[in-house]
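So the structure is just underneath, and the comments pick up after that.
Each chain gets a letter, A, B and so on, in the order its sequence line appears, and its residues count up from 1.
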Amino acid sequence: NAGVTQTPKFRVLKTGQSMTLLCAQDMNHEYMYWYRQDPGMGLRLIHYSVGEGTTAKGEVPDGYNVSRLKKQNFLLGLESAAPSQTSVYFCASSYSIYEQYFGPGTRLTVT
Amino acid sequence: RKEVEQDPGPFNVPEGATVAFNCTYSNSASQSFFWYRQDCRKEPKLLMSVYSSGNEDGRFTAQLNRASQYISLLIRDSKLSDSATYLCVVNRAGRGSQGNLIFGKGTKLSVKP
């Protein structure tokens with residue numbers, strides 16, 4: 001039982017490049033979330049999903065897209081990376097609508 | 001008032017000390033409350049839920065005061081391994097906010113020998 005996994009763990013992008021972050025969970029959770037964490041800002045919700053095939057915007061969705069084609073996977077895409085997207089990205093999932101379980105994070109640097 | 005507000009610390013305490021963290025939240029409609037722990041360069045992990053009647057888990061006690069919109073976490077007999085950042089978390093109440101949690105910026109605790 002791996003819980004929530006994220007790939008890659010680290011990535012460096014140049015401005016304008018694109019990439020996809022993958023989140024997978026093996027707990028059969030309905031809800032999945034993408035957050036970013038920046039120094040002094042705390043965790044901020046980017047997008048979330050309440051079930052397979054559904055997605056919704058969080059607090060800071062601009063510049064990101066998501067897809068939930070399979071219940072166990074939640075993908076976060078950056079179409080044209082900007083230095084302001086340098087951050088640590090965490091994926092989380094939950095069975096109920098409250099307690100969330102986090103993946104180990106992806107450290108992204110955009111130069 | 002910010003949605004979830006915590007004293008950022010840092011709290012520097014000796015081993016064996018008792019330390020308390022406080023948190024306030026702005027939305028009186030919030031129904032679920034948690035404390036998460038985050039170690040340096042790691043993901044947040046659920047420490048404990050906070051119930052209206054207060055709850056205890058070993059050396060940790062959480063309290064909720066709905067009237068004052070205030071949550072607390074008490075750690076007794078601090079251990080070196082308690083050093084971490086403690087995040088106060090509240091559910092985002094209201095329509096269209098399914099499952100959304102609001103995370104405080106965290107209070108950093110450093111326990112010294």
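- Options Ala56(A), Gly40(A), Gly105(A) differ in how many heavy-atom pairs under 4.5 Å they form with chain B, and the most are formed by Gly40(A).
- The backbone N or O of Tyr31(A) lies less than 3.5 Å from no partner atom in the side chain of Ser93(A), so there is not a single donor-acceptor pair.
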(message) The test is salt bridge (Lys or Arg N to Asp or Glu O under 4.0 Å); show your working for Asp38(A) and Arg36(A) and say whether it passes.
(response) CA-CA 7 Å; Asp38(A) 303 291; Arg36(A) 61 179 288 174; 2.9 Å; yes
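- Only the side chain of Arg107(A) comes within less than 4.5 Å of a heavy atom of chain B; its backbone N, CA, C and O stay farther away.
- Using modelled atom types, one finds no donor on one side chain facing an acceptor on the other under 3.5 Å when comparing Asn12(B) with Lys112(B).
- Looking at Ser49(B), only its side chain comes within 4.5 Å of chain A, counting heavy atoms on both sides.
- When heavy atoms are compared at a cutoff of 4.5 Å, Ile102(B) does not approach chain A at all.
- Only the side chain of Gln37(A) has a heavy atom closer than 4.5 Å to any heavy atom of chain B.
- At least one side-chain heavy atom of Ile75(B) sits under 4.5 Å from a side-chain heavy atom of Phe21(B).
- The six-membered or imidazole ring of Tyr36(B) lies away from that of Tyr86(B), with a centre-to-centre distance of 6.0 Å or more.
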